[in-house]
There are 2 protein chains.
Amino acid sequence: MNALFKALNDPTRRAILELLREQPRTAGEIADYFQFSRPTISHHLDLLRQAELVTSDKQGQFVTYTLNMTVVDELLSWLLQFKPTNESKP
Amino acid sequence: MNALFKALNDPTRRAILELLREQPRTAGEIADYFQFSRPTISHHLDLLRQAELVTSDKQGQFVTYTLNMTVVDELLSWLLQFKPTNESKP
DNA sequence: AAGTTATTTAGATATTTGTCTAAATAACTA
DNA sequence: TAGTTATTTAGACAAATATCTAAATAACTT
């Protein structure tokens with residue numbers, strides 16, 4: 001849970017997640033969307049992987065990152081515990 | 001959104017939220033639940049207030065903190081954007 | 001008015017974090 | 001084999017963070 005909140009506490013990492021929402025991408029493709037160096041993006045991807053928000057798969061020289069949102073269910077239920085009744089869901 | 005993720009990225013602050021889930025409490029009552037100094041707890045409460053996760057109300061010498069989870073809806077919908085279909089809701 | 005209680009503010013400090021450049025791996029290409 | 005490309009690892013460093021003690025506010029009590 002700690003790793004999850006930590007991973008989400010950065011706008012670049014959240015943007016990476018939104019990017020991967022469309023489709024899996026290689027590390028290089030992801031890096032091209034940002035103005036940070038490749039090592040910086042690599043580090044962000046590492047933190048996302050530690051939080052199990054993404055999985056990585058090496059194919060040849062390329063490492064493809066894929067969104068893994070199963071862990072988000074945990075976060076969702078943690079949050080829903082604060083909603084008093086089920087008067088939500090717009 | 002940044003302040004929200006930042007506020008949630010700390011186990012003590014998350015514990016404070018869970019404590020306030022039961023009922024509003026004064027700063028002192030909250031501090032008694034933890035082994036950190038009162039200034040430290042006061043600082044955590046400040047960050048929670050900046051994220052609008054709690055509201056504070058001064059009554060005499062006491063400052064009562066109350067959970068404010070309206071802002072969580074924003075987070076919930078951000079998260080739900082990653083859930084492919086609406087196969088959730090336990 | 002003086003003392004006590006509740007809380008916050010102000011610095012100080014050690015740790016964590018995000019970023020960079022340089023170097024190391026690993027895989028492909030000619 | 002030598003060179004190029006994709007990615008990560010290793011340090012270094014400035015900025016942010018969590019914590020503390022001491023001091024400042026503010027409200028209550030005698």
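Letters A, B, ... are given to chains in the order of the sequence lines, protein chains preceding strands, and every chain is numbered from 1. Side chains included, hydrogens not; waters and symmetry mates left out as well; all remaining heavy atoms used.
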Using nucleotides 16-23 of chain C, report all nitrogen or oxygen pairs with the protein that are shorter than 3.5 Å.
{"unit_1": "dT17(C)", "atom_1": "OP1", "unit_2": "K6(A)", "atom_2": "NZ", "d": "3.4"}
{"unit_1": "dT17(C)", "atom_1": "OP2", "unit_2": "K6(A)", "atom_2": "NZ", "d": "3.0"}
{"unit_1": "dG18(C)", "atom_1": "OP1", "unit_2": "R13(A)", "atom_2": "NH2", "d": "3.0"}
{"unit_1": "dG18(C)", "atom_1": "OP2", "unit_2": "R13(A)", "atom_2": "NH1", "d": "3.4"}
{"unit_1": "dT19(C)", "atom_1": "OP2", "unit_2": "H44(A)", "atom_2": "NE2", "d": "2.3"}
{"unit_1": "dC20(C)", "atom_1": "OP2", "unit_2": "S37(A)", "atom_2": "N", "d": "2.9"}
{"unit_1": "dC20(C)", "atom_1": "OP2", "unit_2": "S37(A)", "atom_2": "OG", "d": "3.0"}
{"unit_1": "dC20(C)", "atom_1": "OP2", "unit_2": "T40(A)", "atom_2": "OG1", "d": "2.7"}

Rounded to the nearest angstrom, tell me the gap between atom CD in Q50(B) and atom C1' in dA16(D).
13 Å
Reading nucleotides 25-30 of chain D 5' to 3', which nucleotides get B (base under 4.0 Å from a protein heavy atom), which S (sugar-phosphate only), which -?
-SBS--
Do the side-chain N or O atoms of Y65(B) get closer than 4.0 angstrom to the phosphate oxygens (OP1, OP2) of dA6(C)?
no
Rounded distance (Å) that lies between atom P of dT8(D) and atom CZ of F62(A):
12 Å
If every non-hydrogen atom of W78(B) is compared with every non-hydrogen atom of Q81(B), which pair is closest and at what distance?
O-OE1, 3.1 Å
For atom CZ of F34(B) and atom C1' of dT19(D), their distance in whole Å:
15 Å
Rounded distance (Å) that lies between atom P of dA6(C) and atom CG of L45(B)
16 Å
Nucleotide dT15(C), atom P - distance to CG of N2(A) in whole Å:
18 Å
Ignoring hydrogens and angles, tell me if any N or O in the side chain of R14(A) forms a donor-acceptor pair with the backbone of L8(A) under 3.5 Å.
yes
Counting only heavy atoms not in Q23(B), do more than 12 sit closer than 6.0 Å to its CD atom?
yes
Tell me the closest heavy-atom pair linking A7(A) and A51(A), and the distance in Å.
CB-CB, 3.6 Å
Smallest separation among heavy atoms of L4(A) and V71(A), with atom names
CD2-O, 4.0 Å
Is there a side-chain contact between T26(A) and the phosphate of dA6(D), meaning an N or O under 4.0 Å from OP1 or OP2?
no
Can you say whether the rings of F34(B) and F36(B) are parallel (under 30°), tilted (30 to 60°) or perpendicular (over 60°)?
parallel
Rounded to whole angstroms, how far apart are CG on D57(B) and P on dT7(C)?
12 Å
Compare every heavy atom of N9(A) with every heavy atom of R13(A), then report the nearest pair and how far apart it is.
NH2-O, 3.9 Å
Which heavy atom of I41(B) sits nearest to which heavy atom of T12(B), and what is that distance?
CD1-CG2, 4.3 Å
So, D32(B) and R38(B), do they make that salt bridge, N to O below 4.0 Å?
yes
Tell me whether the side-chain N/O atoms of S42(B) come closer than 4.0 Å to OP1 or OP2 in dT9(C).
no
